[in-house]
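In each ligand, atom 1 is the first atom listed, and ligand 1 is the first ligand listed.
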Amino acid sequence: MPSIEPSLQDSLVSSLIRRVFISAGHIFIRRLEKAADRASEANRETLRKILQRNQNTRFGREHAFAQALASPDLESAYRQQAPVRRYADFEADIERIKRGESNILIADAVTGIAASAGTTGAMKMVPVTAAHLRPAVQFMGMMEGTIAHRHFLGGQPRQKGICLLSYAGKPLETESGLKVGAASGMGIKKMKPMLHHIWVSPPDTYTVEDDATARYLHALYGLRYRQTEYVIATFAPYVLQWIAVMLDWWEELVEDIELGTLSQRLVLPEDTRKRLEAGLTPDPRRAAEVRRAFEAGFEGILPRLWPNLKYIDSVVTGSFAIHQPALNYYAGGVPLYSSFYGMSEVSIGVGLWPDRLGEYMLFLGAAYYEFIQVEDGEFAGDHPDAPPRTVTLEDLESGKYYEVVVTTYAGLYRYRTGDVIKMVGHYKSAPVIQFSHRRGLAMDLVSEKTTEQQVRAAVEGLLPAWLGERAALRDFTTSGDVDSIVPQYVFYLELIGLHHEKAKATLDEAAALIDKALRTSNYLYYRCRKRGVLGAPKVKLVEPGTFDALQSRLVERHPTQNRTQIKIPVNLKAKELVSIMEDRVLAESMHSRLSAAD
Ligand code: AMP
């Protein structure tokens, strides 16, 4: 069992393994760079491989893959044979796969079912195969480290980092025995024997059921390891949740470091507790250092705790940009890096340039990519009678927005991901993209069609204008109040830092700013406000810890989801979830719901 005080031999082995990973990462990156030299061809080759593998499946026969493969224009022939589809169109086939039927969508062995997006939309389940997981595992396990090694570490030997991923939870099983769980969990499980060579926490911590306990343990092992160089997690809110545990429990953490113990508060099976305790030794010197760092306050705490911390890798762009100020508040200048863009269904982008936050090169080879141009907002070209026209890589134009359509190794053919990206340029001949937003409406109380992007932009712009540049939100969500004569939106905000008093006194101002932003970005909203059919939004400030409580409830409601990946919905519909917010309101705006837009 790995101890946190590894022997010299163990350290040498770990250091060697990290070097091997970095070298392997170089090879994969070189391969990607070569693909970037001839992006369209590489994309076509991926399509050819996928169709060849699956031409004798039921879907492959029904859609004449063999004929497309024989055509001189593979892409056009494929497009003619297979229509663009949404998740619902695959559901019946996926059900058959779950029952254990083979050769339905894919010839490869299905190793599990990835469950996803239970909080952002309807639950989706997609088959998982080795070829499907491979790109994400290669990226997160190797390429990410190599890019960081070049960029943040100046090529120096890499130390360990704190990884906040998890593969806890008993996966559900389908009737045929296929495991249903999160794709990221399946990915890290594959790397199990390697984990303690690259990350500070022992393998047992990644399977801990109780989330607060898991976060505490990653903090404890991280804090014991002064040389920690990075923190890695999927999405930014989870990093904030982890920091919240450290701030709430820091005195216990210091004591555990000092004495080489594990707090009795932790919820752990006895055998796991024993194994973990056996690897701990007292470290009073480090405990004193950690105590001094916490006593100096929470702003900029991370580099005080870890003087060698070089970066925090987590998705902080797109819908998660709202979390940047909060992370920066704690990170005190340590750079944020969004290394990967993907979803359970497919890997889409790789962040090759850490200093260009949110820009990704299309992950050539991970899937076959097409795009639907999104014009003038969400709905152009999306008429139910008109099948959307896709364009290929050559046709992408910088500055324009597109929904990503993929053909994957795991049996999704011309699948509309629902993610809209912005094309920002090229690397060699490969598209460089930014995540923009998820397609669809966030809120539509009075048919005013407010998109997630518009809501997020309104809240993102709010804080600097309302409370100043240094204010930061822990998180936000909304709900629709339809019980009153005039329906209105309620915005729930949780702040971090020291702005509570000023915020409480000026909530009307916040409501007016949100209203103004929505009126400017959404003409239909403006019209509804002007006509008085939609009231002015209400802003409610909720107490610290509210979003942790909401997150915990979402984890319980979605047992097949990876808890580190559950996203706070922009709009809460379930009464039970809205009452978690309502029970913790500190203050609310008084702005009249009847006040119309100017
Ligand atoms: P899941 O299927 O639970 O892994 O969630 C995938 C979703 O997370 C995507 O559809 C995106 O909406 C979002 N996402 C993933 N990576 C990024 C990224 N790098 N930037 C912005 N959003 C992302």
Can a donor-acceptor pair be found between the side chains of [X] and [Y] at a distance below 3.5 Å?
X: Q434; Y: Y341; result: no
X: Y368; Y: E75; result: yes
X: Q453; Y: S436; result: yes

Considering only heavy atoms, which of F435, F235, F320, Y360 lies nearest to atom 19 (N) of ligand 1?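 Looking at heavy atoms only, Y360 sits closest to atom 19 (N) of ligand 1.
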Best match, R439, M343, E452, K124: closest heavy atom to atom 6 (C) of ligand 1: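 Minimum heavy-atom distance to atom 6 (C) of ligand 1 goes to M343.
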Result of checking T450, T477, D444, T478 against N571 for side-chain hydrogen bond (donor to acceptor under 3.5 Å, both in side chains):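 Between N571 and the candidates, side-chain hydrogen bond (donor to acceptor under 3.5 Å, both in side chains) is satisfied uniquely by T478.
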Going by side-chain hydrogen bond (donor to acceptor under 3.5 Å, both in side chains), T407 matches just one of Y78, Y413, Y415. Which one?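 That would be Y78.
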Mind checking side-chain contact (heavy atoms from CB on, under 4.5 Å) for A366 and listing every partner two or more places apart, or none if nothing turns up?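 P135, S347, F363, Y369.
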Hey, is T317 touching ligand 1 through its side chain, its backbone, both or neither, going by heavy atoms under 4.0 Å?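 Both backbone and side chain.
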Sub-4.0 Å heavy-atom contact, S319 with ligand 1: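 The answer is no, since S319 has no heavy atom less than 4.0 Å from ligand 1.
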Using a plain distance cutoff, I'd like to know if [X] has any nitrogen or oxygen under 3.5 Å from a nitrogen or oxygen of ligand 1.
X: D419; value: yes
X: K567; value: yes
X: F340; value: yes

If you count the atoms of ligand 1 from 1 in the order shown, which ones are under 4.0 Å from a heavy atom of R438?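 Counting atoms of ligand 1 from 1, those under 4.0 Å from R438 are 10 (O), 12 (O).
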